[in-house]
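The residues of the chain are indexed from 1 along the displayed sequence.
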Amino acid sequence: MQWIECTVNLSPETIEPVGAMLDDIGIAGYLIEDERDFLDFLEHNRAYWDIVDEGLSQAMKGVSRIKFYLADDETGRATLTRVKKALAALPHALPQFHWDNLTLCEQPRADEDW
């Protein structure tokens with residue numbers, strides 16, 4: 001089966017409203033990657049390691065994103081269209097947040113890529 005990997009790049013303060021929007025659309029299975037969570041995890045789990053891979057630290061530097069997958073079929077593409085419209089509406093609906101770096105990236109994925 002073919003999938004669409006969708007990555008929403010955003011500011012840390014907009015993770016919650018974007019997640020709520022995805023929930024409203026019916027996308028409940030998404031992954032949040034946030035540098036703040038990574039740093040918090042490192043701080044509270046120092047007893048379990050001596051060093052942290054520098055590559056991992058660099059990969060998480062400045063990261064705030066939400067990732068989800070949709071089937072690459074008619075239903076998945078229709079859902080993706082709804083997500084795009086909802087993302088475009090968020091800055092107007094919630095102007096109190098910083099939306100400058102809100103982007104959606106799509107990439108095809110096959111089952112064997114997982």
Measure the shortest side-chain to side-chain distance between [X] and [Y] over non-hydrogen atoms and say whether it is less than 4.5 angstrom.
X: Trp99; Y: Leu94; value: yes
X: Ser64; Y: Ser11; value: no
X: Glu33; Y: Thr7; value: no
X: Val83; Y: Phe68; value: yes
X: Met21; Y: Leu87; value: yes
X: Asn101; Y: Asn9; value: no
X: Arg77; Y: Thr81; value: no

About how many Å separate [atom2] of [Y] and [atom1] of [X], when rounded to the nearest 0.5 Å?
X: Arg82; Y: Ile27; atom1: CZ; atom2: CD1; result: 8.0 Å
X: Asp72; Y: Ile4; atom1: CG; atom2: CD1; result: 4.0 Å
X: Asp34; Y: Leu10; atom1: CG; atom2: CG; result: 8.5 Å
X: Ile32; Y: Arg65; atom1: CD1; atom2: CZ; result: 12.5 Å

If you count heavy atoms of other groups shown closer than 6.0 angstrom to CD of Glu106, is the number above 12? yes

Closest heavy-atom contact between [X] and [Y]?
X: Ala110; Y: Trp3; answer: C-CD1, 4.4 Å
X: Ala88; Y: His92; answer: O-CD2, 3.6 Å
X: Leu70; Y: Gly76; answer: CD1-O, 3.6 Å
X: Ala28; Y: Asp23; answer: CA-OD1, 3.9 Å
X: Cys6; Y: Leu104; answer: CB-CD1, 4.0 Å

Would a hydrophobic clustering, with Ile, Leu, Val, Met, Phe, Trp and Tyr connected at side-chain separations under 4.5 Å, put Tyr69 with Leu31? no

